[in-house]
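For reference, the structure is listed below as structure tokens.
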Amino acid sequence: MGSSGDSQVRGVGEKPKIGSPQSREVDEYTVQCQQDLGELIIIRLHKERYSFFPKNSWYCNYVQICAPNGRIYHFPAYQWMDGYETLALREATGKSSPPHFMSFHDRSLALAKLPQDGHSGLPTSQPGKTTADDTLPILLEHRQEEIRAKQDFYHWRVFVPGLPNYVNIPSYHPPVRRNPNRPEWNGYVPGFPILINIKATRFLNLNLRYSFIKTASFFLRLGPMSLKLKLQGLLDCKRSWKRLKDIKKIFPAYKSVISEYVAEHWAEDSFFGYQYLNGINPGLIRRCTQIPDKFPVTDDMVAPFLGEGTCLQAELEKGNIYLADYRILEGISTVELNGHKQYQCAPLCLLHFGPEGNMMPIAIQLSQTPGPNSPIFLPSDSEWDWLLAKTWVRNAEFFCHEAISHLLGTHLIAEAFCLAVLRQLPMCHPLYKLLIPHTRYTIQINSIGRAILLNEKGLTDRGTSLGQKGFAELMVRALSEVTYDSFYLPNDFVERGVQDLPGYYYRDDCLAVWDALERYVTEIITYYYPSDAAVEGDPELQSWVQEIFKECLLGRESSGFPVCLRTVPELIRYVTIIIYTCSAKHAAVNTGQLEFTSWMPNFPSSMRNPPVQAKGLTTLETFLDTLPDVKTTCIILLVLWTLSREPDDKRTLGHFPDIHFVEDVPRRSMETFRQRLAQISHNIRQRNKCLPVPYYYLDPVLIENSISI
């Protein structure tokens, strides 16, 4: 379709051959048009039935069209054609540009028939258009129709009341087991000890699914390892561990510098405190300026651990006392695992940052209510009393990390961000082009997560003391307390009083990546939005923000999340928060999971005895009886091993092979962004050479553009 008329429908030329093209095969087709259409506006790709050949899926990378005057028109696609349908692609020239399609060649159309496989494409794309940039009625109608079609296709659905809503996928119920007394073998992963509702994910639209490579690598990792543990008898063993060193039998070949360090130093106070700064849940600790009434620690209790010539009040005033409060866990019910009642607690842990540069625990209380049945444990107590108290804190860390920081704080919230982008922004919108690389595979991995972690008899039911309902309740509580300011990283560090805490490498790397990302977003946003009026007057942008507030934050005004954006700085902050959440924030809490958890006592998912109410009763035997049994340990570590492995088909932060921007300004900004990230990576690696425990989870080369694992 052009300014001077429309062309006739033309076939791609060559008739399809039986069995061709094959899966993951790329074909190119040339189509001639003799008409003078003037300025090209829209092209349409039709996929129709041909004779008796079966329906299959095609992936279109781009269309390139060369006009007689030599001008090249670009129509990016990057989209599956599933079944018989028509794609309408907008032309992409000028300051801003059309939807999600790319590059067109001299009357040539390039299609890749890639059922569930990777996307290959040419490095060309199109500028972004807001509604203010479109003046032709046909283009306004096209973008409105696109949004209507996507909203008809992608629906919101309640996952758990009180949690972010998610994409509506038809449910699948596993067949009823005919003999409930037989071992529970899963139909998809032989020998796997938890039910996996994987078929629920097959209803995902092809544009949301994993590539073939990523899907295959995911299950090829999971299957053999689960079968190995099954054959070793570990997945059927419900007894306590006889010796701590036997835990290494689960992954005897898995070793890294950090995993070995954890196994050797996990019981040391200095490493216990180190994990609050540079472990996998480094966003919980906060400076304490006054000891809370519910944690009646006295100077006499902790004076021996503060050093000479000081006292508790003096250290409080110096800013050297820190608190980890797990009150959010209080009162959440537990389940039975393998026939045994499980337990959890809501501890408080007081820490001191000493002159040697170590963060050291100095007092632990295992409940939120002080009293004779809730003693305050100290480093001077017996070895096993103190170690068990710290292990209870690490158990609380497990839930706050996995449920709040990881699953809710990145996966579920990012999925709501992604779905709002798909539903409210046309593919020609500059924000769509900016954000779409950071949505890749997120809905797919979350669908797998719901099928493995949060389904009935899934991981949380079979491997944690809270079970599925307790896990969900914890996330609901956390979402009810989420604030917009906490997502703005520079503010969060100041609010927690840790902005100048030495040795906080997570904070240092976090701010470096944040700065690079914010500068990149600023350059893109200011190019397309030259004024505050452009932001406030963009109805698609405002609808997107409103949908996130409604479907992600569930309309809770106390969250502080905006309902609308009125200025360019507000938009820059908002977009930076979203991209950071979908990339670096996830890397910080996900990448090191296996390294810090493969030694189970450092991160237990359940506790089989109630919190101790008196000192002097803990021994090695009672310590082992309190830890998760062999089967529970293997279930948790097997899933974490699968989810923590180096992902295949990954796209690291700043690398955008599907180029959606065509103008020089955003392209230069993308290249500058990559250069800044490369410098950050170099700085991190140089620093780590001098550290006994390297911190590399925010090294940009390890950060993916999106949450895909």
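Count residues from 1 along the sequence. As the structure is a prediction and not an experimental result, all values here were calculated from the model.
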Quick one: list whatever passes ring-ring contact (aromatic ring centres under 6.0 Å, His included) with Tyr488, sequence neighbours left out.
-> Trp514
How long is the gap from CG on Leu163 to CG on Leu479, to the nearest 0.5 Å?
-> 6.5 Å
Which word best sums up how the rings of Trp599 and Trp266 line up, parallel for under 30°, tilted for 30 to 60°, or perpendicular for over 60°?
-> tilted
For Ile635, does its backbone N or O pair with a side-chain atom of Arg462 as donor and acceptor, under 3.5 Å?
-> no
Results of side-chain hydrogen bond (donor to acceptor under 3.5 Å, both in side chains) for Asp508 - residues two or more places apart only | none
Please confirm whether the backbone N or O of Val630 pairs with a side-chain atom of Arg239, one donor and one acceptor, at under 3.5 Å?
-> no
Close side-chain approach of Glu481 and Ser486, heavy atoms under 4.5 Å = no
In chain order, what residues pass the salt bridge (charged side-chain N to carboxylate O under 4.0 Å, His left out) check against Arg556, with sequence neighbours excluded?
-> none
Within-4.5 Å side-chain heavy-atom neighbours: Asn602 and Arg394 | yes
Begin from the C-alpha positions of Trp384 and Val612 and carry the test side-chain contact (heavy atoms from CB on, under 4.5 Å) through to its verdict.
-> CA-CA 11 Å; Trp384 292 108; Val612 288; over 6 Å; no
Using a 3.5 Å cut-off and no angle test, enumerate the donor-acceptor pairs between side-chain atoms of residues 343-363 and protein atoms at least two apart in sequence or in another chain.
unit_1: Gln344; atom_1: NE2; unit_2: Leu329; atom_2: O; d: 3.0
unit_1: Gln344; atom_1: NE2; unit_2: Ile332; atom_2: O; d: 2.9
unit_1: His352; atom_1: NE2; unit_2: Glu315; atom_2: OE1; d: 2.7

Roughly how far apart are Leu453 CG and Ile448 CD1, rounded to 0.5 Å?
-> 10.0 Å
Might you point out which heavy atoms bring Cys400 and Tyr326 nearest each other, and give the distance in Å?
-> SG-CD2, 3.6 Å
Might you work through the salt bridge (Lys or Arg N to Asp or Glu O under 4.0 Å) test for Asp325 and Arg286, ending with a clear yes or no?
-> CA-CA 9 Å; Asp325 188 348; Arg286 60 178 56 241; over 6 Å; no
Backbone of Gln613 reached by a side-chain donor or acceptor of Asn373 within 3.5 Å = no
Taking Glu704 for the side chain and Ser706 for the main chain, is one N or O donor matched with an acceptor at less than 3.5 Å?
-> no
If you take all heavy atoms of Pro601 and Leu627, which pair is closest and at what distance?
-> CG-CD1, 4.1 Å
Do the side chain of Asn168 and the main chain of Arg157 share a donor and acceptor less than 3.5 angstrom apart?
-> no
How long is the gap from CG on Leu412 to CG on Leu407, to the nearest 0.5 Å?
-> 4.5 Å
Just do the side-chain contact (heavy atoms from CB on, under 4.5 Å) check on Phe377 and Leu388 with the steps written out, would you?
-> CA-CA 10 Å; Phe377 292 90; Leu388 183 58; over 6 Å; no
Residues at least two apart in sequence or cross-chain that pass side chain to side chain contact (heavy atoms under 4.5 Å, CB included) with Asn609, listed by chain then number, are Asp625, Thr626
More than 12 heavy atoms from other groups under 6.0 Å of NZ on Lys469 = no
Hey, mind stepping through Lys294 and Glu330 against salt bridge (Lys or Arg N to Asp or Glu O under 4.0 Å) and telling me if it holds?
-> CA-CA 13 Å; Lys294 64 182 180 180; Glu330 187 176 20; over 6 Å; no
Could you tell me whether the side chain of Cys510 reaches within less than 4.5 Å of the side chain of Leu698, counting heavy atoms only?
-> yes
Hey, are the side chains of Phe603 and His401 touching, using non-hydrogen atoms and a 4.5 Å cut-off?
-> yes
Does His265 have any side chain to side chain contact (heavy atoms under 4.5 Å, CB included) partners at least two apart in sequence or in another chain, and if so, which?
-> Tyr261, Glu268, Phe271
Is there a side-chain contact between Ser374 and Thr369, using heavy atoms and a 4.5 Å cut-off?
-> no
Side chain to side chain contact (heavy atoms under 4.5 Å, CB included) filter on Ser405, not counting sequence neighbours, yields Asn281, Val589
Flag, side chain of Asp461 to backbone of Gln468, donor-acceptor distance under 3.5 Å | yes
Arg287: salt bridge (charged side-chain N to carboxylate O under 4.0 Å, His left out) partners, not counting sequence neighbours | Asp500
The side-chain hydrogen bond (donor to acceptor under 3.5 Å, both in side chains) partners of Tyr505 (sequence neighbours excluded) come to none
Do Glu397 and Gln275 come within less than 4.5 Å of each other through their side chains, counting heavy atoms only?
-> no
Leu640 versus Glu402: any side-chain heavy-atom pair under 4.5 Å?
-> yes
Rounding to 0.5 Å, atoms OG1 (Thr442) and CG (Leu419) come to a distance of 11.5 Å
Other residues, nucleotides, ligands: >12 heavy atoms within 6.0 Å of Lys550 NZ | no
Where at least one partner belongs to residues 457-481, residue pairs that pass ring pair (Phe, Tyr, Trp, His ring centres under 6.0 Å), sequence neighbours excluded | none
Going by the ring pair (Phe, Tyr, Trp, His ring centres under 6.0 Å) test, name the single residue among Tyr580, Phe417, Phe561 that passes it with Phe487.
-> Phe561
Using a cut-off of 6.0 Å, state whether more than 12 heavy atoms not belonging to Lys341 lie near its atom NZ.
-> yes
Apply side-chain contact (heavy atoms from CB on, under 4.5 Å) to the pair Leu501 and Phe493, showing each step before the final yes or no.
-> CA-CA 10 Å; Leu501 181 59; Phe493 291 122; over 6 Å; no
Between His411 and Ile445, does a side-chain contact (heavy atoms from CB on, under 4.5 Å) hold up when you go through it step by step?
-> CA-CA 9 Å; His411 281 266; Ile445 188 58; 4.2 Å; yes
Sequence neighbours left out, what passes side-chain hydrogen bond (donor to acceptor under 3.5 Å, both in side chains) with Thr632? Give chain and number order.
-> Asn338, Asp629
Drop me the distance from Cys418's SG to Asn446's CG, to the nearest 0.5 angstrom.
-> 8.0 Å
Separation of Phe295 CZ from Leu323 CG (nearest 0.5 Å) = 7.0 Å
For Lys245, what residues pass the side chain to side chain contact (heavy atoms under 4.5 Å, CB included) criterion, not counting sequence neighbours?
-> Arg243
Backbone N/O of Ala267 and side chain of Lys390: donor-acceptor pair under 3.5 Å | yes
Sub-4.5 Å side-chain heavy-atom contact between Thr591 and Tyr696 | no
